[in-house]
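Whatever order the structure lists them in is the order used to number ligands and atoms, beginning at 1.
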Amino acid sequence: MNKIHLKGLLFYVVMTTMLAPQFLKGQSKGNESDRPNIVVILADDLGFGDLGFNGSKQLLTPNLDALAASGIDFEQGYVSAPVCSPSRAGMLTGKNQVEFGFDNNLSTNQMGFDPAYRGLPVSEKTIVEYLGELGYVTGLIGKWHLGYAPQFHPTKRGFDEFWGYLAGGHDYFRSESDGKGYLAPIQCNFKTPGEITYLTDDKGSECVDFVRRHKGEPFFLFASFNAPHTPMQALGKDLELFAHIEDEKRRTYAAMVYRLDVNVGRIVKALETEGLREKTLIVFLSDNGGPVDSNGSCNAPYNGQKGILLEGGVHVPFVISWPGTLPKGKKYQHPVSSLDLAPTFLSLAGGKVSPNMFSGVNLMPFVKKKGHGDKPHESLKWRFTISGAILEDGWKLIRLPDRLPMLYHLPTDMSEQKDLSMENLEKTEELLGKLGQWDVGLPHPLFLEGAEWKKRQLQLYDATYPLEQPVREK
Ligand code: CA
């Protein structure tokens with residue numbers, strides 16, 4: 001072969017390589033076959049204690065229990081906000097959402113605020129966009145709740161496919177073609193959606209369909225269930241399973257969580273059937289703690305509920321399962337955050353995680369170690385409207401506008417029953433200082449929700465919550 005022919009051959013090889021699909025879709029490092037599919041299954045307003053693997057004696061969650069047993073149960077798993085939309089904004093960006101002004105739940109626009117900013121800021125890059133650039137096909141099935149204006153639409157924020165609705169919740173049985181709010185029609189950019197049967201089942205079906213259609217390429221599926229968020233609506237056959245529960249709201253809640261569990265089982269089964277289970281990392285968590293007052297959930301053994309920074313608002317069930325790669329049946333005991341998911345996913349997909357790119361960290365190096373090893377975080381911090389909190393070395397301080405700060409030592413008082421702030425003034429002062437320094441460095445909120453929620457939030461701190469599991473009723 002002469003030099004000219006050799007050059008021509010080299011040119012051909014280089015060009016065909018560069019035009020190969022993986023180069024056209026986005027470049028990736030490392031071995032393509034090592035990159036897992038990623039499925040995030042998000043429950044909405046699920047109580048920490050309402051899962052078999054978290055000690056429920058009343059609810060039935062065999063599929064979620066099996067999922068937890070197949071992977072790592074993060075016993076100290078936290079979300080970055082105690083309500084839906086800021087929690088989701090944090091999870092999808094890997095940044096604490098208050099670092100970009102997403103302090104509040106998404107609600108009606110407040111006077112003086114520009115509605116063009118009422119959503120996940122377009123200046124923030126989502127993990128979905130990162131994964132798309134790395135060649136992943138991405139889908140959102142279910143609830144969005146990160147903005148209604150066109151610039152915030154899921155298909156503008158990285159999702160190739162969207163089947164769902166933009167609001168914070170939806171009726172489980174019906175939608176209307178011109179419906180608003182919880183009756184809004186289902187949106188879909190890849191087919192004409194059928195009638196709703198029971199929304200949790202419909203989402204499960206769409207997730208199974210997504211897995212089947214994309215089994216041959218790396219995918220990211222965000223299974224965004226609204227169960228067991230209000231409205232309290234369940235299937236008759238599921239209610240019969242819990243006929244022994246006297247309280248109607250709790251009975252309905254149990255049936256809704258059961259149906260969620262059934263559909264988690266369908267998604268896992270679809271992955272197994274397609275031979276993808278060991279190529280797929282599944283994350284399961286709830287976007288915030290259970291709102292004990294509205295859906296009959298139970299956060300035992302944690303005090304508090306959705307909307308506040310006591311453990312019941314932000315300490316959630318948190319499972320990562322990837323059989324064959326991650327240990328199974330492991331209980332991980334250092335605090336982790338939903339903000340850790342984006343950097344973990346980006347790293348697994350072959351992307352580069354730079355310092356200061358995320359508030360969270362890539363969890364893989366921490367969880368692969370034997371035993372418990374180093375902790376991923378020095379501290380976790382929260383700011384939610386009128387409240388703030390910091391957790392460091394087991395000490396948790398909560399700051400509210402109308403009272404002295406509260407200090408709890410979680411390793412000895414997980415239910416936050418004994419306020420130690422006055423007898424540990426040095427620790428109180430230290431954590432208050434760290435929280436305050438962080439707080440004053442944050443930008444202003446981009447939007448607010450109604451002022452009535454501020455007083456409501458304080459009232460939730462004064463309420464009492466069940467700290468023990470309800471027994472199984474006859
Ligand atoms: Ca929620």
Side-chain angles (χ1 to χ4, degrees), residues 40-51 54 59 61 64 77-93 96-98 102-107 119-120 140-148 154 164-172 181-182 184 199-200 203 222-233 249 252-253 256-257 259-261 263-264 283-299 302 304-319 337-339 341 382 384-385 387 449-450 453 456-457 460 465:
V40 173
I41 302 174
L42 190 65
D44 194 350
D45 291 10
L46 177 65
F48 180 89
D50 291 325
L51 294 154
N54 279 344
L59 275 76
T61 56
L64 285 162
Y78 289 92
V79 283
S80 57
V83 296
C84 308
S85 47
S87 170
R88 288 154 193 263
M91 187 182 82
L92 286 185
T93 58
N96 195 321
Q97 65 285 346
V98 292
F102 207 123
D103 289 46
N104 288 263
N105 217 357
L106 207 57
S107 184
L120 182 61
L140 165 62
I141 307 294
K143 165 171 163 173
W144 178 235
H145 208 195
L146 288 172
Y148 299 92
Y165 47 90
L166 303 179
H170 201 283
D171 192 281
Y172 287 83
Y182 283 17
L199 192 53
T200 306
K203 287 182 183 177
F222 180 15
S224 183
F225 286 94
N226 58 322
H229 192 293
T230 55
M232 302 310 290
Q233 297 172 335
K249 191 191 280 182
T252 309
Y253 174 84
M256 291 166 77
V257 174
R259 188 54 38 188
L260 169 68
D261 183 81
N263 281 284
V264 169
V283 180
F284 172 76
L285 73 167
S286 180
D287 66 341
N288 48 255
V292 176
D293 59 344
S294 72
N295 72 353
S297 51
C298 172
N299 296 308
Y302 299 125
Q305 70 149 51
K306 175 183 181 178
I308 60 176
L309 297 176
L310 286 167
E311 292 287 278
V314 289
H315 193 148
V316 295
F318 197 121
V319 167
S337 166
S338 52
L339 305 175
L341 295 176
W382 292 266
F384 177 60
T385 69
S387 55
E449 56 186 320
W453 288 98
R456 167 99 183 105
Q457 206 183 127
L460 288 175
Y465 301 90

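Protein N/O/S atoms closer than 3.0 Å to the Ca ion (ligand 1): Asp44 OD1, Asp45 OD1, Cys84 SG, Asp287 OD1, Asp287 OD2, Asn288 OD1.
In terms of the side chain to side chain donor-acceptor pair (under 3.5 Å) criterion, residue partners of Ser80 (sequence neighbours excluded) are, by chain and number, Gln97.
Between the side chains of Ser107 and Asn105, no donor-acceptor pair of N or O atoms lies under 3.5 Å. Donor-acceptor pairing under 3.5 Å is lacking for the side chains of Glu311 and Asn299.
Side-chain rings of Tyr78 and His315 approach one another, their centers coming within less than 6.0 Å.
Evaluated for a side chain to side chain contact (heavy atoms under 4.5 Å, CB included) with Leu46, the options Asp50, Leu42, Asp44 yield exactly one hit, Asp50. Among the candidates Val40, Val283, Asp287, the single residue satisfying the side chain to side chain contact (heavy atoms under 4.5 Å, CB included) test with Met91 is Val40.
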